[in-house]
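Notes follow the structure.
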Amino acid sequence: MTKWFEEVANDASNIVSSRVRLSRNWEEYKFPSRLEPDEARTMIARLKQNFRDLGDRDGQFYEYEDLELMEKLDRTALRERRLLNRTLAEKTTPEDERISMVLNADDHIRLQVLASGLDLQECYAKADALDDYINEKIPYAFNEKYGYLTSYPTNVGTAMKASVVVHLPSLTMNKKFQELLGDMGRFGTTVRGVYGRGNENYGDLYEVVNQKTLGITEQEILELVANVAGQLSAQENQFREVSLSRHRLEREDEAYKSYGVLKYARRMTLKEAMTFLSHVWAGIADGLLKPAE
């Protein structure tokens, strides 16, 4: 079965992937940061028991893993595939990694659905179905006024984060790019680099994610994030057309040099690899390089 990150079409789209994440807490227990180790182990065991028929419900194959027993390299690989963050302690994950569920990390349950390309609606549909299944098993910590209660006050309400990763190599070169990213906050979204720190973002990959979870519906969040990602993608295409018309030879040289280094180099840093991959990807999208069939 193909994993979500392997489903990448060789087309001109700047949209890399979509993700919907829901945070939920069991009404019966304190937030994870306040749970005693014995309480946490008991809660996890009960959740595992409650979820034993999950595969029968949605037809997926689920495998349980204890991160404390996993090799560091395996944990790093899962994090690179956007399944883990720094705080996770337990998780269950399906074979194809589109759907994953984390137990007792920042919240009792964090479930997420990933997909290649722009597919937020389908991600949400799958997450919503899984959410209903979980809520049949356990009562959520929920307030009529504030919605779902979470360990981070900024996540209360829908407790949903929707995000889209976009590739913006030409737009990144614009002098007003950082100002543009700052303006995205006015629309209720944050745009942050996927790799690197501060203003440095090697690979030119940016994640568009909603800021608000309270006072806004799930559908409004999905539409907001999709619209902002679409606007950034459209502006990227405009800048790329101008760049190609004025500096085609330089763009070709950049793409072919990057391809040569990636093919023949024996060692390189993550920063170098992501930079060269970005150039090759842009070259393919612009028709300067032809990918293997």
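- One distance of note links CD of E122 with CZ of R98; it measures 10.5 Å at 0.5 Å rounding.
- A donor-acceptor pair shorter than 3.5 Å cannot be found between the side chains of D107 and Y148.
- For R192 and Y206, the positive end is not near the middle of the six-membered ring at less than 6.0 Å and at most 45° from its axis.
- Inter-residue side-chain proximity for P139 and E28 is flagged as unmet; no heavy-atom pair is nearer than 4.5 Å.
- Within the 4.5 Å cutoff, side-chain heavy atoms of W281 are placed close to those of L205.
- When every heavy atom of S170 is checked against every heavy atom of E236, the shortest pair comes out as N-OE2, 3.1 Å.
- Panel note: side chain E272, backbone T269; a donor-acceptor pair is recorded below 3.5 Å.
- Here the CG atom belonging to L114 is positioned 11.0 Å from the CG atom belonging to D119, to the nearest 0.5 angstrom.
- Smallest separation of non-hydrogen atoms from L120 and S163: CD2-O, 3.7 Å.
- Using a 4.0 Å cut-off between charged side-chain N and carboxylate O, D286 and R248 make no salt bridge.
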Test side-chain contact (heavy atoms from CB on, under 4.5 Å) on L277 and L262 and set out the steps. CA-CA 8 Å; L277 285 169; L262 288 169; 3.8 Å; yes
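- Residues W26 and M43 have side chains in contact (heavy-atom distance under 4.5 Å, counting atoms from C-beta outward).
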Please determine whether side-chain contact (heavy atoms from CB on, under 4.5 Å) holds for the pair L224 and T189, giving the CA-CA distance in whole Å, both sets of side-chain angles, and the decisive distance to 0.1 Å. CA-CA 8 Å; L224 171 66; T189 62; 3.7 Å; yes
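- A donor-acceptor pair is defined here as one N or O able to donate and one able to accept, closer than 3.5 Å; no such pair exists between the side chain of K271 and the backbone of Y202.
- Between atom CD1 of residue I134 and atom CG of residue N50 there is a gap of 10.0 Å, rounded to the nearest 0.5 Å.
- Counting heavy atoms of neighbouring residues, nucleotides and ligands inside a 6.0 Å radius, atom OH of Y140 exceeds 12 of them.
- To the nearest 0.5 Å, atom NZ of residue K137 and atom CD of residue Q49 are 9.5 Å apart.
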What verdict does the side-chain hydrogen bond (donor to acceptor under 3.5 Å, both in side chains) test give for T158 and E218, after you've listed the backbone C-alpha separation in whole Å, the side-chain angles of each residue and the deciding distance to 0.1 Å? CA-CA 7 Å; T158 61; E218 288 88 351; 5.2 Å; no
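- Side-chain N or O atoms of Y195 include none that pairs as donor or acceptor with a backbone N or O of L270 at under 3.5 Å.
- In the model, R46 has a side-chain atom that pairs as donor or acceptor with a side-chain atom of Y29 under 3.5 Å.
- Tracing side-chain contacts under 4.5 Å through hydrophobic residues (I, L, V, M, F, W, Y), one reaches M184 starting from L168; they form part of the same cluster.
- In terms of heavy-atom proximity, G157 sits nearest to L214 at CA-CD1, 3.9 Å.
- By the criterion of side-chain heavy atoms lying less than 4.5 angstrom apart, applied directly or through intervening Ile, Leu, Val, Met, Phe, Trp or Tyr residues, L111 is not grouped with F31; the two fall into different hydrophobic clusters.
- Contact check for I15 versus V164: side-chain heavy atoms found under the 4.5 Å cut-off.
- Cluster annotation: L244 is not connected to L289 through the hydrophobic network of ILVMFWY side chains, with a link wherever side-chain heavy atoms come within less than 4.5 Å.
- Under a 4.0 Å N-O distance rule, the pair E207/R19 qualifies as a salt bridge.
- You'll find the side chain of M101 stays beyond 4.5 Å of the side chain of R110, heavy atoms only.
- Closest non-hydrogen pair, K48 versus L103, comes out as CG-CD1, 4.5 Å.
- For the side-chain hydrogen bond (donor to acceptor under 3.5 Å, both in side chains) test, no residue two or more places apart in sequence or in another chain qualifies with E39.
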Please step through side-chain contact (heavy atoms from CB on, under 4.5 Å) for the pair L47 and I138, ending with a clear verdict. CA-CA 9 Å; L47 288 173; I138 63 172; 4.0 Å; yes
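- With hydrogens and angles left out, the side-chain atoms of Q211 and T190 include a donor and acceptor closer than 3.5 Å.
- Here the side chain of T42 pairs a donor or acceptor atom with the backbone of D38 at under 3.5 angstrom.
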Run the side-chain contact (heavy atoms from CB on, under 4.5 Å) check on V191 and L232 step by step: do they pass? CA-CA 10 Å; V191 182; L232 288 172; 4.2 Å; yes
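- At a threshold of 4.5 Å between non-hydrogen side-chain atoms, the residues Q112 and V20 do not count as touching.
- For Y146, there are no side-chain hydrogen bond (donor to acceptor under 3.5 Å, both in side chains) partners two or more places apart in sequence or in a different chain.
- In the hydrophobic cluster analysis, where Ile, Leu, Val, Met, Phe, Trp and Tyr join through side-chain heavy atoms closer than 4.5 angstrom, L180 is grouped together with V166.
- Shown here for V280 and A255, the closest heavy-atom pair between the two residues is CG2-O, 4.1 Å.
- M173 places none of its side-chain heavy atoms less than 4.5 Å from the side chain of F177.
- Counting only heavy atoms from C-beta outward, the side chains of V225 and V209 never approach each other to under 4.5 Å.
- For S23 and N155, the side-chain atoms include no donor-acceptor pair closer than 3.5 Å.
- Between A282 and H167, the closest heavy-atom pair is N-CE1, 4.0 Å.
- No more than 12 heavy-atom neighbours from other residues, nucleotides or ligands sit within 6.0 angstrom of NZ on K257.
- Judged by distance alone, the side chain of S258 and the main-chain N or O of E254 form a donor-acceptor pair under 3.5 Å.
- The neighbour count for M268 CE, taken as heavy atoms of other residues, nucleotides or ligands under 6.0 Å away, is above 12.
- Between the N227 side chain and the E223 main chain, a donor and an acceptor come within less than 3.5 Å of each other.
- Taking OG1 of T213 as the reference point, atom CG of L22 lies at 11.0 Å (rounded to 0.5 Å).
- Taking CG from D131 and CE from M160, the interatomic distance works out to 11.0 Å, rounded to the nearest 0.5 Å.
- Hydrophobic cluster membership differs between L149 and F142, with clusters built from Ile, Leu, Val, Met, Phe, Trp and Tyr side chains linked at under 4.5 angstrom.
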Determine whether D204 and S278 satisfy the following criterion, side-chain hydrogen bond (donor to acceptor under 3.5 Å, both in side chains), listing intermediate values before the conclusion. CA-CA 7 Å; D204 306 315; S278 176; 2.7 Å; yes
